[in-house]
Protein chains: 2
Amino acid sequence: MAPRTRRTERRAEALSRERIVEAAVELLDSAGERGLTFRTLTERLATGPGAIYWHVANKGELLDAATDAVLAAALTPTPGRADAADAADAPRAEIHAVALGLFDTIDAHPWLAGRIAAQLSLSPWRSVAPRVLEALGRQVAALGVPEAHWFTATSALMHYILGAAGLNAANARTAAPETDRGAVLDATSRAWKELDAGAYPFTRAVADQMRTHDDRAEFLAGLDLVLAGIAARYPPAER
Amino acid sequence: MAPRTRRTERRAEALSRERIVEAAVELLDSAGERGLTFRTLTERLATGPGAIYWHVANKGELLDAATDAVLAAALTPTPGRADAADAADAPRAEIHAVALGLFDTIDAHPWLAGRIAAQLSLSPWRSVAPRVLEALGRQVAALGVPEAHWFTATSALMHYILGAAGLNAANARTAAPETDRGAVLDATSRAWKELDAGAYPFTRAVADQMRTHDDRAEFLAGLDLVLAGIAARYPPAER
DNA sequence: ACCTGAACACCGTTCAAGT
DNA sequence: ACCTGAACACCGTTCAAGT
């Protein structure tokens, strides 16, 4: 056998945990959670499974590392991004910015939703929970919420944001690439209108509002409801 | 010998879609999503994989059927369960009842969380979305929210309820049976207190509130924040 | 220390064959 | 019409062996 063209399929740099995680994120983004296997990963990295297991304990740890890598970028504060008109509105603007950052990140990496849920509870001391809590909680404090209600108010915000963003991401998660959002909304709206009039009067009534809704705008409207509730129930302490 | 011992490994009744779904739910409850395989299922039903594929198209359809079966029970209205002191408070009490029903159901069947998210978006015309929307939306209308905001208000409620319940369920989903909740909260609280004082002042400040919190009570407190926000932002139309 | 690649146990699914 | 069970392609993981 001839001495082969010099490593056309051979990787240029040494393997490292970072390179493995990077390739994992790419596979997850392009093919979803089912697209990341040790076969596709070893093929892309031009190596064998044993090499990956040298740097990573198992698939779960790899998914956790991928989650951390993507979320770290999303949660890195970008000072001044809010540029609120007046300072009084700064906390609300900052909460919007954090929420939209998470919403858009989860929308762009839909596989994140399931992983965040797993991490939040499996290891609540790890980076995700404290980072999100800290970013939101400081603004909750700035809004004047009495300290006794800090945890409750911030938890509710965090649950709404991560929950709603996660449910929304399921859209992108499994929808075929050529699936037209408008067509899905049309079909769903039509199906709702054909529900039994006696059993589903409300759903029939909102079928048109559903058809024309904007995911991002609805997400923000819901966020503002939570914020309005916080303002109403936990008004700033007198002084 | 008593008729009991006869055909210990042979099933008594003919296979049916219902019996298969029933067995699937039991396996999911006892061993989680990873515990349901065609091997464990055929063993429990004393049959082969081909028999199951005669009644069910594939594993995805089986999981959808299991989800529908469990949610149908949770969403069946139980009239009079709320028994509010006065009628004015009836909508809020009913929303609490629906929310707690979903919270407890998802808590008891943690595998539901991921499946609900998938169904909500993959096929929003199917039973889950209209049923939840209808149950919540009627009460939103009863609260006097103007019709123009019905969809937004009800969507926010639904996203909070399903999102928060789903994130909470991740707790039960992977925690080892002998894991003591109190011990986890203690360890998490301690870890939070050891975070960098400059970077995590808020998280450190709420570490004690987190340690003593009650999941169900926090869930309801967050729900009340959304409801308070709805009352504040979408007050009943004048007449 | 880092990597190779064959091998193992297990998975969802198919299908020719039975009744 | 309904069920059997061997077989297939694929998965995560291991490990003796190389450098």
Side-chain angles (χ1 to χ4, degrees), chain A residues 1 3-28 30-67 111 114-115 118 122 173-174, chain B residues 7-28 30-67 111 114-115 118-119 122 173-174:
Chain A
M1 188 99 103
R4 256 320 200 124
T5 334
R6 261 186 35 125
R7 47 171 157 172
T8 23
E9 313 175 350
R10 193 96 183 100
R11 65 172 171 281
E13 323 155 46
L15 217 48
S16 69
R17 195 180 157 94
E18 289 83 50
R19 278 180 45 77
I20 293 171
V21 170
E22 188 187 326
V25 170
E26 289 170 11
L27 285 169
L28 286 165
S30 63
E33 201 146 358
R34 289 188 46 187
L36 173 64
T37 73
F38 276 80
R39 261 73 173 182
T40 58
L41 197 55
T42 53
E43 189 182 1
R44 172 168 297 222
L45 292 170
T47 182
I52 292 172
Y53 277 93
W54 177 261
H55 295 276
V56 160
N58 51 45
K59 194 175 182 181
E61 191 186 292
L62 178 57
L63 284 165
D64 274 348
T67 303
W111 50 272
R115 281 285 125 188
L122 199 55
R173 187 156 35 193
T174 32
Chain B
R7 46 171 159 165
T8 25
E9 310 179 352
R10 191 89 184 111
R11 66 172 172 282
E13 322 156 46
L15 218 48
S16 69
R17 195 181 156 93
E18 290 83 53
R19 277 178 47 76
I20 293 171
V21 171
E22 188 187 326
V25 170
E26 289 171 11
L27 285 169
L28 286 165
S30 63
E33 203 146 357
R34 288 189 47 187
L36 174 64
T37 74
F38 276 79
R39 260 73 174 181
T40 58
L41 196 56
T42 54
E43 190 182 359
R44 171 167 300 219
L45 292 170
T47 183
I52 291 171
Y53 276 93
W54 177 261
H55 295 276
V56 161
N58 51 44
K59 193 175 182 182
E61 191 185 293
L62 179 57
L63 283 166
D64 274 348
T67 303
W111 50 272
R115 281 285 125 188
Q119 263 203 28
L122 198 55
R173 189 156 34 195
T174 32

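All of these numbers come straight from a predicted model, not from anything done at the bench. Order of the sequence lines fixes the chain letters, A, B, ..., with proteins taken first and strands second; residue numbering starts at 1 for each chain.
- With sequence neighbours left out, the salt bridge (Lys or Arg N to Asp or Glu O under 4.0 Å) criterion links B:E61 to B:R17.
- Contact between the side-chain N/O atoms of A:H55 and the OP1/OP2 oxygens of C:dA1 is not found at any separation under 4.0 Å.
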Output a table of donor-acceptor pairs, distance under 3.5 Å, between side-chain atoms of residues 34-41 of chain A and any protein atom two or more places apart or on a different chain; print 'none' if there are none.
unit_1	atom_1	unit_2	atom_2	d
A:T37	OG1	A:R39	N	3.2
A:T37	OG1	A:T40	N	3.1
A:T37	OG1	A:T40	OG1	3.4
A:T40	OG1	A:G35	O	3.1
A:T40	OG1	A:T37	N	3.1
A:T40	OG1	A:T37	O	3.0

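- Residues meeting the side-chain contact (heavy atoms from CB on, under 4.5 Å) test with A:S16, sequence neighbours left out: A:E18, A:R19.
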Enumerate all atom pairs, one protein N or O and one N or O from nucleotides 13-19 of chain C, separated by less than 3.5 Å.
unit_1	atom_1	unit_2	atom_2	d
C:dT13	OP2	B:Y53	OH	2.7
C:dT13	OP2	B:K59	N	2.9
C:dT13	O5'	B:Y53	OH	2.8

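- Using a 4.0 Å heavy-atom distance criterion, B:L62 is classed as making no nucleic acid contact.
- Consecutive Watson-Crick or G-U pairs involving DNA chain C, each under 3.5 Å on both distances, make up stems of three or more pairs at C:4-8 with D:12-16, C:12-16 with D:4-8.
- We find that CZ of A:R17 is positioned 14 Å from P of C:dC3, with the value rounded to whole Å.
- Listed by first and then second residue, the salt bridge (Lys or Arg N to Asp or Glu O under 4.0 Å) pairs that reach into residues 46-57 of chain B come to none, sequence neighbours excluded.
- Protein atom CD1 of A:I52 is 14 Å distant from nucleotide atom C1' of D:dC11, rounded to whole Å.
- Taking atom CG of residue B:L15 and atom P of nucleotide D:dT4, one finds them 8 Å apart after rounding to whole Å.
- Residues passing the salt bridge (Lys or Arg N to Asp or Glu O under 4.0 Å) test with A:E26, sequence neighbours excluded: A:R44.
- The distance from atom CG of B:L41 to atom P of D:dC3 is 13 Å, rounded to the nearest whole Å.
- Comparing D:dC10 with C:dA9, their C1' atoms are spaced 13 Å from each other, to the whole Å.
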